[in-house]
Protein chains: 2
Amino acid sequence: MTRTVFERSDVIPLVAEVFRELGYEGASMSAITTRTSLSKGSLYHFFPGGKEEMAREILAHVDGWFADHVFKPLEGTNPQHAITLMWDSVDAYFRSGRRVCLVGAFALDETRDRFAVPIKSYFRRWIAALAGALARCGMNDVVAHRLAEEAVVSIQGALTVARALGDSDVFKRTVKRLRKRTTITSS
Amino acid sequence: MTRTVFERSDVIPLVAEVFRELGYEGASMSAITTRTSLSKGSLYHFFPGGKEEMAREILAHVDGWFADHVFKPLEGTNPQHAITLMWDSVDAYFRSGRRVCLVGAFALDETRDRFAVPIKSYFRRWIAALAGALARCGMNDVVAHRLAEEAVVSIQGALTVARALGDSDVFKRTVKRLRKRTTITSS
DNA sequence: GTCTATACAGTGATAGAC
DNA sequence: GTCTATCACTGTATAGAC
């Protein structure tokens with residue numbers, strides 16, 4: 001018998017995928033146990049607070065990933081390059097629209113009220129970081145903020161529609177269009 | 001004691017609002033009973049198939065509303081006027097972003113698999129109807145389809161981000177921008 | 001850190017009185 | 001068409017052996 005031994009940091013991505021696919025309410029403990037092949041005992045060992053603690057850790061984990069791969073680069077010294085990298089990261093992270101945004105999914109139903117703070121700060125920081133990068137590329141501040149908001153809005157919508165239609169091309173087209181619009185050619 | 005007597009058509013909008021706020025999994029029968037002030041007995045009288053039948057009826061009801069107020073006008077003889085009306089209807093229906101899209105919410109988690117057909121056809125028809133209207137306003141077919149897709153994507157994303165930030169202005173700005181972009185000035 | 005066994009509240013669903 | 005009572009089952013969570 002193989003008995004795999006995990007540590008907390010190994011478990012989070014596994015559980016995250018279950019929440020992502022089933023939503024907060026849909027992700028029952030038994031669904032999590034079967035899909036992670038971890039028993040309830042192990043899960044409660046890692047997360048004594050149960051589902052709520054799991055989801056909170058996962059939101060922090062997602063936010064951390066975006067901070068490292070998207071937000072911090074955008075807030076850094078090479079904004080134009082960071083924007084290009086952002087679109088690569090976004091396309092890879094969401095598997096060209098085959099993977100939904102956990103934070104966006106949590107935002108739609110009452111789950112939002114439970115995790116209002118991390119959900120709000122994720123979107124605020126993304127929009128602010130992108131707006132700042134666009135502004136430092138020479139774009140007018142107000143225009144930059146509007147375009148950043150439009151970009152984040154479009155990504156979320158593209159994930160919804162792509163999954164609704166079962167057509168990842170919707171997402172790919174959206175990213176392509178946004179990539180073009182956020183590439184500042186100082187001509 | 002007041003005993004209100006309903007018929008099926010009265011119940012659907014009430015239950016719809018519960019699904020919209022709590023999601024399919026989150027909308028438990030007890031949540032539906034308390035929020036509609038209808039007992040389980042009454043609900044199962046109207047919907048012998050339980051939650052699944054309720055959700056199916058609600059999806060049909062939403063689709064019917066959009067057919068009457070959005071799709072059919074777009075498919076009709078006055079496309080430019082229909083597009084203007086669409087933005088009025090969309091803004092009113094989603095309460096300027098304070099009300100989420102039930103179909104979009106269902107699309108994100110595994111609920112999509114259960115209701116794949118109605119979810120898909122809702123978005124397909126919306127995009128196709130808007131694309132057709134834009135084309136009949138003189139826009140190139142391919143461009144019209146891309147813009148229609150962009151519009152529906154943006155609406156869904158705006159609902160997500162508006163709710164995430166608790167800021168309906170995101171939605172209002174999005175509608176304003178799309179309204180402008182879909183107004184063809186044959187100059 | 002893993003697991004099984006168990007508690008018990010909440011789930012969808014049904015039956016039958018009014 | 002309304003309701004309450006009740007069903008079997010699944011939900012989260014806990015305890016304790018290994």
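Here is the naming used below: chain letters follow the sequence lines, and residue numbers restart at 1 for every chain.
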Quiz item: Are A:F6 and A:F46 close enough that their ring centres sit under 6.0 Å apart?
Solution: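 When the ring centroids of A:F6 and A:F46 are compared, they turn out to be at least 6.0 Å apart.
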Exercise. May I ask you to decide if A:Y93's main-chain N or O and A:R99's side chain share a donor-acceptor pair within less than 3.5 Å?
Key: yes
Quiz item: Between the side chain of B:R136 and the main-chain N/O of B:L74, is any donor-acceptor distance below 3.5 Å?
Solution: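 Confirmed, B:R136 side chain pairs with B:L74 backbone.
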Whole angstrom is fine here: how far is it from [atom1] in [X] over to [atom2] in [N]?
| X | N | atom1 | atom2 | answer |
| --- | --- | --- | --- | --- |
| B:F46 | D:dG1 | CZ | P | 6 Å |
| B:L38 | D:dT4 | CG | P | 12 Å |
| A:D10 | C:dG1 | CG | C1' | 12 Å |
| B:H45 | C:dC18 | NE2 | P | 19 Å |
| A:L43 | C:dT2 | CG | P | 9 Å |

Quiz item: Does the side chain of A:S42 get closer than 4.0 angstrom to OP1 or OP2 of C:dG1 through an N or O atom?
Solution: no
Give me, pair by pair, the N or O atoms of the protein and of nucleotides 7-13 of chain C that are less than 3.5 Å apart, along with how far apart they are.
| from | atom 1 | to | atom 2 | distance (Å) |
| --- | --- | --- | --- | --- |
| C:dT11 | OP1 | B:S28 | OG | 3.4 |
| C:dT11 | OP2 | B:S30 | OG | 3.0 |
| C:dG12 | OP1 | B:M29 | N | 3.4 |
| C:dG12 | OP1 | B:K51 | NZ | 3.3 |
| C:dG12 | OP2 | B:M29 | N | 2.5 |
| C:dA13 | OP2 | B:Y44 | OH | 2.9 |
| C:dA13 | OP2 | B:K51 | N | 3.4 |
| C:dA13 | O5' | B:Y44 | OH | 3.3 |
| C:dA13 | N6 | B:K40 | NZ | 3.3 |

Do [X] and [Y] sit within salt-bridge range, that is, some charged N less than 4.0 Å from a carboxylate O?
| X | Y | result |
| --- | --- | --- |
| B:D88 | B:R179 | yes |
| A:R56 | A:E53 | no |
| B:R35 | A:E110 | yes |

